[in-house]
Amino acid sequence: MTDPAGGEARSLDRGRQIRFLVTPTGVRVAYAAVGQGPALVVPAAWIGHLEIGWQDPAMRAFFAPIAAWRTVVAYDKPGCGLSDPWPAPQSLDTDLEVLQAVTDHLELDRVDLLGLSMGAPVSLAFAARHPERVGRLIVYGGFADGHQVASAEVRGAMIELVRAHWGLGSDMLADIFLPDASAETKLRFAELQRRSASAELACELLAQVYELRVDDLLDRVVAPTLVLHRREDRAIPYRLGRDLAARIPGARLVSLAGRSHWVYVGDAAAVVREILEFLGAPQGALPPEQAGRPPARLTARQLQVAALVADGLTNREIAGRLGIEERSAEGHLERIRQRLGVRSRAQIATWWASAHGD
């Protein structure tokens, strides 16, 4: 994977950089890469912001164990975050052009995809139309027909609420996406939405979600596929994930506990474990070891907790961020101390910075 000389970059948190590419349509798109090893491309979901989203410790904690084995590549959808607007209403073809532009820019002849939420149908369509370019495919909280996400009345009401009052709309979407999250996490997510896109663009892209259809492409997906879905997902019904797994040849369905659609909230460690296993990472996958240091075999959940400790969060804040009990956070912290052979939170933070430094 290369990045042509002359690309504009901004350093961002432990080696992650934001750069820009230009699509065939002439739109400048922001993308970021972090980690090591073969690329794992994460297509843009509904809306997002590479810079602001990465400030959330829970997001960094989710990707930390994955980035220990893969170079995670993400990008902002046109008009969102740091990417320039698209010159016309966006569609599935827009999403596929941008995804192909990212993989071409990075000279990725064959790539693994992690499609989260709206990124799932985009990933499925890319895998169906370009089977020679997709090695493995993971979809989480996905769907094949946007009309099935909610009734026509609910879909219309959501779009109208976002159009009339983006503040109230973003708050309601936070409640739908993150029912198990703390009030602080919901506020942060609502703010992320408002800072990622205007009300007008949010309406356009939400309508696009509801109009997306890739059900006619599912039988053309030949890449090994893992379908992950939480049983009580309030945003994208579980039955839609089950339908994907049933209709994609050879796909494997893993049903997960939880109601939150946003992958970083709730038992995110369970999602990480399934992803790493499917991608072939060894058991006890750990971050890069430094010369002269003994191996520290932390679980995916312990890596998340260590990342949050390094960000200065208290046990209560860690519990709220990850959707677990405070005593569970305390238990994870004690096991981290034992495995690392340290006594203090400061030592854990030092270990984390050393293991994930530039």
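Remember, predicted model here, so these are calculated numbers, not experimental data.
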K.L.:
Strictly by salt bridge (charged side-chain N to carboxylate O under 4.0 Å, His left out), give each pair with a member in residues 132-142 just once, sequence neighbours left out.
P.N.:
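Qualifying pairs: Asp104-Arg133.
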
K.L.:
Run the ring pair (Phe, Tyr, Trp, His ring centres under 6.0 Å) test against His130 and tell me which residues pass, sequence neighbours left out.
P.N.:
Phe126

K.L.:
Quick check on the hydrophobic clustering: are Ile176 and Met118 connected, directly or via other members, by side-chain heavy-atom contacts under 4.5 Å?
P.N.:
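Linked, Ile176 and Met118 end up in one cluster.
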
K.L.:
I'd like to know if Arg337 pairs up with Glu334 as an ion pair, taking the criterion as any Lys NZ or Arg NE/NH1/NH2 lying under 4.0 Å from an Asp or Glu carboxylate oxygen.
P.N.:
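A salt bridge is present here (some side-chain N lies under 4.0 Å from a carboxylate O).
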
K.L.:
Measuring from atom CG of Leu218 to atom OG1 of Thr225, what distance do you get when rounded to the nearest 0.5 angstrom?
P.N.:
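Reported value, rounded in 0.5 Å steps: 9.5 Å.
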
K.L.:
Is the shortest side-chain N to carboxylate O distance from Arg60 to Asp311 below 4.0 Å?
P.N.:
yes

K.L.:
Between Leu168 and Leu192, is there shared hydrophobic-cluster membership here, with clusters defined by ILVMFWY side-chain heavy atoms closer than 4.5 Å?
P.N.:
yes

K.L.:
Please, which pairs that meet side chain to side chain donor-acceptor pair (under 3.5 Å) have at least one residue in residues 199-216, sequence neighbours excluded?
P.N.:
Asp95-Gln208, His147-Glu211, Arg213-Asp215

K.L.:
Could you walk me through whether Arg230 and Tyr140 pass the side chain to side chain donor-acceptor pair (under 3.5 Å) check?
P.N.:
CA-CA 9 Å; Arg230 287 177 173 156; Tyr140 165 87; 3.2 Å; yes

K.L.:
Is the shortest distance from a Lys or Arg side-chain nitrogen in Arg321 or Asp56 to a carboxylate oxygen in the other one below 4.0 Å?
P.N.:
yes

K.L.:
Who passes salt bridge (Lys or Arg N to Asp or Glu O under 4.0 Å) against Arg316, sequence neighbours left out?
P.N.:
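Expected list: Glu326.
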
K.L.:
Quick check: do Val34 and Trp54 have side-chain heavy atoms less than 4.5 Å from each other?
P.N.:
yes

K.L.:
Decide yes or no on salt bridge (charged side-chain N to carboxylate O under 4.0 Å, His left out) for Arg194 and Glu191, but give the supporting numbers first.
P.N.:
CA-CA 5 Å; Arg194 293 191 295 270; Glu191 181 183 7; 5.9 Å; no

K.L.:
Under 3.5 Å, side chain of Asp76 to main-chain N/O of Leu50, donor-acceptor pair present?
P.N.:
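Yes, the answer is positive, given that a donor and an acceptor are paired below the 3.5 Å cut-off.
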
K.L.:
Kindly indicate, with the supporting measurements, whether the criterion side chain to side chain donor-acceptor pair (under 3.5 Å) is fulfilled by Thr71 and Gln36.
P.N.:
CA-CA 5 Å; Thr71 300; Gln36 62 179 9; over 6 Å; no

K.L.:
Treating Gln17 as the side-chain partner and Ala33 as the backbone partner, does any N or O pair qualify as donor plus acceptor under 3.5 Å?
P.N.:
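No; judged by distance alone, with no hydrogens or angles, the pair does not exist.
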
K.L.:
With side chain to side chain donor-acceptor pair (under 3.5 Å) as the criterion, how do Arg231 and Ser255 come out once you've worked through the C-alpha distance, each side chain's angles and the decisive distance to 0.1 Å?
P.N.:
CA-CA 6 Å; Arg231 295 185 190 90; Ser255 304; 4.6 Å; no

K.L.:
Would a distance-only check, ignoring hydrogens and angles, find a side-chain to backbone donor-acceptor pair under 3.5 Å from Arg345 to Leu313?
P.N.:
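Flag set: sc Arg345 to bb Leu313 pair under 3.5 Å.
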
K.L.:
Tell me, do Gln193 and Ile47 make a side-chain contact under 4.5 Å, heavy atoms counted?
P.N.:
yes

K.L.:
Do side-chain atoms of Ser123 reach the backbone of Gly119 as a donor and acceptor pair under 3.5 angstrom?
P.N.:
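Yes.
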
K.L.:
Just grab all the salt bridge (charged side-chain N to carboxylate O under 4.0 Å, His left out) pairs involving residues 258-271, residues at least two apart or on different chains.
P.N.:
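Listed by first then second residue: Asp180-Arg259, Asp267-Arg301.
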
K.L.:
With a 6.0 Å cut-off (strictly less than), is the heavy-atom count around CZ of Arg195, excluding the residue itself, greater than 12?
P.N.:
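At most 12 heavy atoms, drawn from other residues, nucleotides or ligands, come within 6.0 Å of this atom.
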
K.L.:
Just to verify, what does Phe189 make a ring pair (Phe, Tyr, Trp, His ring centres under 6.0 Å) with, not counting sequence neighbours?
P.N.:
Phe177, Trp262

K.L.:
Just by modelled atom types, is the Ala197 backbone N or O under 3.5 Å from a matching donor or acceptor in the Trp166 side chain?
P.N.:
yes

